[in-house]
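Chain letters run A, B, ... following the sequence lines, proteins first, then strands; residues in each count from 1.
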Amino acid sequence: MDVNIEYFGMLSEITRCSEETISLSQNRVSDLRALLLRKYPALEQVDFQLAQNGEIRSEETGISHRNLALLPPFSGG
Amino acid sequence: MDVNIEYFGMLSEITRCSEETISLSQNRVSDLRALLLRKYPALEQVDFQLAQNGEIRSEETGISHRNLALLPPFSGG
Amino acid sequence: MSEHNNVFKTGAISSEFIGSAIAKHQSKTEIGAHGIFLGQVRADAVGGKTVTAIEYTAYEEMATQKFHEIRESALTKFNLTCLHTYHSLGLVKAGAVCLFVLASATSRKEVCRAVAYIVDEIKAGVPIFGKELFGDASHRWKVNR
Amino acid sequence: MSEHNNVFKTGAISSEFIGSAIAKHQSKTEIGAHGIFLGQVRADAVGGKTVTAIEYTAYEEMATQKFHEIRESALTKFNLTCLHTYHSLGLVKAGAVCLFVLASATSRKEVCRAVAYIVDEIKAGVPIFGKELFGDASHRWKVNR
């Protein structure tokens with residue numbers, strides 16, 4: 001499955017892009033996390049979360065949506 | 001001793017004046033309270049306090065200042 | 001710590017005055033958070049009548065001293081950069097603001113608690129008296145609970 | 001309960017906007033108390049440099065939903081007449097306001113606690129990202145504590 005990932009805040013500086021399309025062979029969040037850490041080792045330093053359809057997804061859940069977002073720690077207010 | 005008493009809020013409606021001069025033969029706050037209750041029986045219905053020089057005086061303290069204030073419950077804000 | 005101006009304002013505290021007080025703090029760039037409380041005169045219904053305004057009076061000598069004590073106490077209890085308090089005297093119509101507290105600090109942790117503390121202390125300890133006026137000649141004396 | 005407008009504002013939230021939001025509530029004469037929180041951009045010093053502005057971005061799809069959830073939760077927990085929340089997107093200079101929460105109720109008991117709750121929830125749960133800009137081309141990513 002091809003997914004589109006948007007990178008927010010400091011994450012877009014690590015990935016050097018605001019979004020990209022990635023091909024997934026396995027569809028758990030933890031699989032995508034492992035893939036991203038291989039592609040961007042500097043992501044290790046950031047406590048990021050993955051969101052799908054406007055909701056944070058935990059590691060063991062599956063990805064069922066094409067549009068994903070990778071979120072660094074929040075800093076509103 | 002002659003003292004000047006200012007009446008605030010609902011108290012001035014009971015006394016029908018905003019201030020008056022009263023002659024005291026005894027100088028404790030409780031004596032003045034008794035005198036005022038004889039003069040204005042309707043004061044019984046109000047939980048009033050006596051202040052002297054900008055400070056609330058308790059019943060057993062003496063009156064040492066000529067300018068007094070009689071205060072009903074506070075309702076600021 | 002900015003100097004404390006006179007607490008009492010004649011009549012209602014306008015939204016322009018509040019906006020302007022906020023604007024004045026934008027040059028204080030060490031501030032990260034403002035907590036504000038506004039007391040507004042309610043059009044309470046009492047036995048078929050409605051409060052149209054409150055007329056405030058105060059035992060000013062004591063009230064000014066009490067406002068000062070509350071201010072000093074708040075500055076001791078909470079880590080504030082700035083603190084301003086204003087209360088109306090005279091006539092304030094229903095819907096208008098009669099009390100304005102503005103507490104500012106570097107971070108948010110303290111400002112909301114500081115504002116709540118100050119408002120409670122004002123209501124309990126400052127000799128201000130509110131006469132609730134109905135549309136006709138009648139009135140009722142407000143009592144804080 | 002008044003309808004909720006769009007939470008996000010482009011750039012700083014002006015003191016005129018805040019004053020005007022307050023003024024709009026003066027026709028709601030059942031309100032007796034407003035609690036307000038303002039977040040202001042601090043000119044923090046970081047290793048010899050000073051923050052001159054914050055540029056805010058958000059994962060808007062989720063942020064809008066989170067603001068809605070926080071609003072509903074606050075309305076359930078606290079007895080409020082009105083609740084408005086605004087947050088900046090884009091550039092906000094040091095000293096300017098980036099967050100404005102206005103909670104209104106018949107009496108004071110709830111508004112300060114409601115405002116503190118809403119601000120805590122926004123800081124912890126809404127995907128907004130602040131890029132602290134220094135006077136030169138450098139920057140630092142803000143992290144809430």
Give a yes or no answer on whether the side chain of [X] reaches the backbone of [Y] with a donor-acceptor pair at less than 3.5 Å.
X	Y	result
D:Thr52	D:Leu133	yes
C:Glu110	C:Asn79	yes
C:Arg108	D:Gly39	no
C:Thr76	C:Glu72	yes

Problem set entry | Contact class of D:Glu16 relative to chain C, heavy atoms under 4.5 angstrom | neither

Problem set entry | Interchain contact, D:Lys109 with chain C, by part (heavy-atom threshold 4.5 Å) | side chain

Contact winner vs chain D - [options], heavy-atom pairs under 4.5 Å:
options	answer
C:Thr106, C:Ile18, C:Val111, C:Val119	C:Thr106
C:Val51, C:Asp120, C:Ile31	C:Ile31
C:Ser20, C:Ala45, C:Ala23, C:Ala21	C:Ala23
C:Gly32, C:Cys112, C:Ala94	C:Gly32

Exercise. Does D:Lys142 make a cation-pi contact with D:Phe129, if we ask for NZ or CZ under 6.0 Å from the ring centre and within 45° of the axis?
Worked result: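 No, a cation-pi geometry is absent between D:Lys142 and D:Phe129.
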
For this session: Determine, step by step, whether D:Glu61 and D:Gln65 satisfy the side chain to side chain donor-acceptor pair (under 3.5 Å) criterion, reporting the C-alpha distance in whole Å, the side-chain angles of both residues, the deciding distance to 0.1 Å, and the verdict.
Result: CA-CA 7 Å; D:Glu61 180 181 6; D:Gln65 174 62 22; over 6 Å; no

For this session: Mind ranking D:Lys123, D:Lys93, D:Arg113, D:Gln40 by heavy-atom pairs under 4.5 Å with chain C and telling me who comes out on top?
Result: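 Top count of heavy-atom pairs under 4.5 Å with chain C: D:Gln40.
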
For this session: Give, as side chain, backbone, both or neither, the part of C:Val101 having an atom under 4.5 angstrom from any heavy atom of chain D.
Result: neither

